[in-house]
Amino acid sequence: MDESNRASSYLDEPPNSRLFLVTSKSITEENIREHFAAFGEIQDIWVVKDKQTKESKGVSFVKFSKSSQACSAMEEMHGRCLAEGTKPIKVFIAQARSSGSHRDVEDEELTRIFVMIPKAFTEEDLKDTFKAYGDIEYAIIIRNKTTGESKGLGYVRFHKPSQAAKAIENCDKTFRAILAEPRTKNASADNDYVSNPRSEHSGNDPGSNSYSFAHESSSYAPGDTWSSDVITRCLLVSSRVAVTQEQICGLFDLIPGMDFCQMQRDQYGFSKGQVVAWYNNLGSAVYAKEKLNGFEYPPGNRLSVSYIDDGEDRTSPVGKMAMQLVAAQMMSMVWNSPSGAQLMKTSTGYTAPTVPQKARVQTDVALPPQKKLVASDSVVKERLFVIFNPSPLPVDVLEDVFCRFGSLMEVYLVPGRNVGYIKYADRKPAHDAIALLHGKVINGIKMKVMLADPPKEESHKRQRTY
DNA sequence: CGACGGGACGC
DNA sequence: CGACGGGACGC
């Protein structure tokens with residue numbers, strides 16, 4: 001009867017996308033379609049009828065492709081009449097066929113979402129983020145009771161089920177928004193985690209994981225740097241110790257907008273310890289200079305970064321515009337970052353485009369430049385299994401290293417073991433990583449890098465509504 | 001040799 | 001009160 005793919009309308013998938021209607025027995029599938037089609041793609045309408053008499057039992061099911069469509073239809077159509085002289089209908093979200101329950105699904109269960117958020121998020125940030133989907137009754141963040149520190153989790157209660165459903169369907173995937181379990185029955189929720197699973201230290205590898213920029217709070221006061229320096233889009237990077245082009249260019253490529261980066265060599269091809277990095281806009285160059293001048297890389301060696309002539313004519317108004325460009329560029333870095341997850345992992349929070357502390361990788365391996373991660377909801381095409389000896393490298397170091405072959409999705413370390421998995425959205429990067437890194441030493445840790453066996457099935461995780 | 005997560009609320 | 005059919009992919 002229905003043209004749409006039966007597989008997709010088969011179960012209650014996505015969750016809460018099917019309606020349960022109680023109507024007069026005279027109400028037909030056509031009556032229903034006429035009134036419900038406006039709310040979204042209807043995958044199936046089923047008017048329950050007596051097997052013998054074929055008379056309607058006054059019960060129908062309407063399957064939408066999305067939960068938000070079903071919820072909107074419920075909100076709008078509950079209590080309405082579908083035909084002259086018929087009783088007002090009742091509309092509920094249908095219990096999943098597998099649940100066995102016939103209890104009405106309450107709005108209480110459909111209006112509160114549970115999200116993962118950056119630690120720096122305040123309740124106001126939470127509201128600001130999710131108010132796009134509807135009126136928020138409240139937003140709360142789960143905090144450590146004694147320290148008040150955010151646990152990176154929050155609840156947002158909307159007024160209507162359709163608003164919660166839209167939030168779940170449309171918010172950034174990194175929030176991992178799901179419907180919250182109702183509060184009442186949950187007595188087992190009192191687990192005490194060691195601290196924060198997202199915090200980044202693995203105990204090993206003393207020293208190489210904690211470098212940060214020399215002057216994090218530094219010179220963003222307009223005035224000092226600007227007046228004396230000639231700002232250009234071209235930077236000269238000098239190092240006293242030997243560095244490779246890949247190392248420096250990888251570092252500077254972390255600032256979006258780098259067009260070109262090259263080691264300067266003398267006539268015999270020997271490195272002069274200098275690298276030139278070009279950016280396609282002033283804001284990026286300014287940002288890179290401010291962040292990386294004086295940056296310790298490799299450990300114990302401070303890089304020196306200065307502007308050099310890029311051949312552009314630079315007269316009066318440009319210097320002032322640079323400041324605005326910086327601001328605009330910083331915003332664009334926030335929004336154009338490869339994935340929200342990357343930003344969320346930075347310890348300084350969501351808004352500051354912190355340059356990751358990449359000076360922490362020490363190895364003899366000639367690593368390619370860094371590449372952006374791909375969205376974490378991409379399809380996994382290849383997975384690596386990595387064994388560390390004697391102990392695992394930190395996740396941020398692994399991301400730094402394994403992203404360089406392209407399309408890195410995620411690094412996962414198996415807790416308590418010396419192994420981990422690396423997900424890629426393409427096969428080639430994974431195979432390139434094996435070719436370059438298997439048996440190699442990074443920060444003193446030897447790695448075996450191989451293709452992962454397929455995962456065991458049967459990990460029944462909670463369903464998401466989208 | 002090694003092997004598969006993530007996130008729950010003071011009623 | 002008011003809860004679960006019909007039809008049948010493509011290896």
**Q** Over how many whole Å does the gap from A:Trp46 atom CH2 to C:dA3 atom P extend?
**A** 11 Å

**Q** Classify the side chain of A:Arg18 versus the base of C:dC4 as yes if they form a donor-acceptor pair under 3.5 Å and no if they do not.
**A** yes

**Q** Between the side-chain atoms of A:Asn389 and the base atoms of B:dG2, is any donor-acceptor pair under 3.5 Å?
**A**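 There is none.
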
**Q** With a 4.0 Å cut-off on heavy atoms, is A:Asp453 in touch with a base, just the backbone sugar-phosphate, or nothing at all?
**A**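 Answer is base: heavy atoms of A:Asp453 come under 4.0 Å of a base.
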
**Q** Can you check the A:Lys119 NZ to B:dG7 P distance for me, whole Å?
**A**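 Distance, rounded to whole Å: 11 Å.
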
**Q** Out of B:dG6, B:dA3, C:dC4, which has the shortest distance to the side chain of A:Met116?
**A** B:dG6

**Q** What is the distance from CD1 of A:Ile45 to P of C:dG6, rounded to the nearest Å?
**A** 17 Å

**Q** Ignoring hydrogens and angles, does a donor from either the side chain of A:Arg112 or the base of B:dC9 sit under 3.5 Å from an acceptor on the other?
**A** yes

**Q** Could you check A:Lys145 against A:Val411 and say which one's nearest nucleotide on DNA chain B is further toward the 5' end?
**A** A:Val411

**Q** Compare the minimum distances between each of B:dG7, C:dC4, B:dC4 and the side chain of A:Arg176, then state the nucleotide with the smallest one.
**A** B:dG7

**Q** Mind calculating the distance between CZ (A:Arg183) and C1' (B:dC11) to the nearest angstrom?
**A**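 Those two atoms, CZ and C1', are 7 Å apart.
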
**Q** Establish whether the base of C:dG2 is bridged to the side chain of A:Lys90 by a donor-acceptor pair shorter than 3.5 Å.
**A**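 A donor-acceptor contact between them is present.
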
**Q** In terms of ring plane angle, is the pair A:Phe61 and A:Phe20 parallel, tilted or perpendicular, where the classes change at 30° and 60°?
**A**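 Aromatic pair A:Phe61/A:Phe20 classed tilted.
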
**Q** For the base of C:dC4 and the side-chain ring of A:Phe61, does the geometry meet a stacking cutoff of under 5.5 Å between centres and under 30° between planes?
**A** yes

**Q** Base of B:dG6, side chain of A:Glu410 - is there a donor-acceptor contact under 3.5 Å?
**A**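 Under the 3.5 Å cut-off, the side chain and the base do form a donor-acceptor pair.
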
**Q** If you assign A:Tyr412 and A:Phe388 each to the DNA chain B nucleotide with the nearest heavy atom, which residue ends up on the more 5' nucleotide?
**A** A:Phe388

**Q** From CG of A:Leu413 over to P of B:dG5, roughly how many Å is that when rounded to an integer?
**A** 13 Å

**Q** If the plane angle is over 60° it's perpendicular, under 30° parallel, otherwise tilted; pick one for A:Phe130 and A:Phe158.
**A** perpendicular

**Q** If I take atom CD in residue A:Gln52 and atom P in nucleotide C:dG5, what distance separates them, rounded to the nearest angstrom?
**A** 13 Å

**Q** For A:Ile142 and B:dG6, give me the distance from atom CD1 to atom P, rounded to whole Å.
**A**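 Whole-Å distance recorded here is 15 Å.
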
**Q** Is A:Lys49 near enough to C:dC4 that one of its side-chain N or O atoms lies under 4.0 angstrom from OP1 or OP2?
**A** no

**Q** Planes under 30° and centres closer than 5.5 Å, is that true for A:Phe20 with the base of C:dG2?
**A**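 By the stated criterion, A:Phe20 and C:dG2 do not stack.
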
**Q** Under the 5.5 Å and 30° test, is A:Tyr155 stacked on the base of B:dC9?
**A** yes

**Q** Side-chain N or O of A:Arg97 less than 4.0 angstrom from OP1 or OP2 on C:dC4?
**A** no

**Q** Hey, is A:Arg103 close enough to A:Glu109 for a salt bridge, meaning N to O under 4.0 Å?
**A**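 A salt bridge is present here (some side-chain N lies under 4.0 Å from a carboxylate O).
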
**Q** If you find the nucleotide of DNA chain C closest to A:Val22 and the one closest to A:Val47, which residue's nucleotide is nearer the 5' end?
**A**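 Its nucleotide being nearer the 5' end, the pick is A:Val22.
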
**Q** Decide yes or no on side-chain hydrogen bond (donor to acceptor under 3.5 Å, both in side chains) for A:His102 and A:Gln95, but give the supporting numbers first.
**A** CA-CA 6 Å; A:His102 287 173; A:Gln95 286 283 3; over 6 Å; no

**Q** Starting at atom OH of A:Tyr421, determine the distance to atom P of B:dG6, rounded to an integer number of angstrom.
**A**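 Rounded to the whole Å, the gap is 14 Å.
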
**Q** Hydrogens and angles aside, do A:Asn16 and A:Ser67 bring a side-chain donor and acceptor to less than 3.5 Å of each other?
**A** no

**Q** So what does A:Lys423 hit on the nucleic acid, given a heavy-atom distance under 4.0 Å: a base, only sugar-phosphate, or nothing?
**A**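 Here A:Lys423 touches the bases of the nucleic acid.
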
**Q** Using only atom types and a distance under 3.5 Å, with no angle test, would you say the side chain of A:Asn31 pairs donor to acceptor with the backbone of A:Ile27?
**A** no

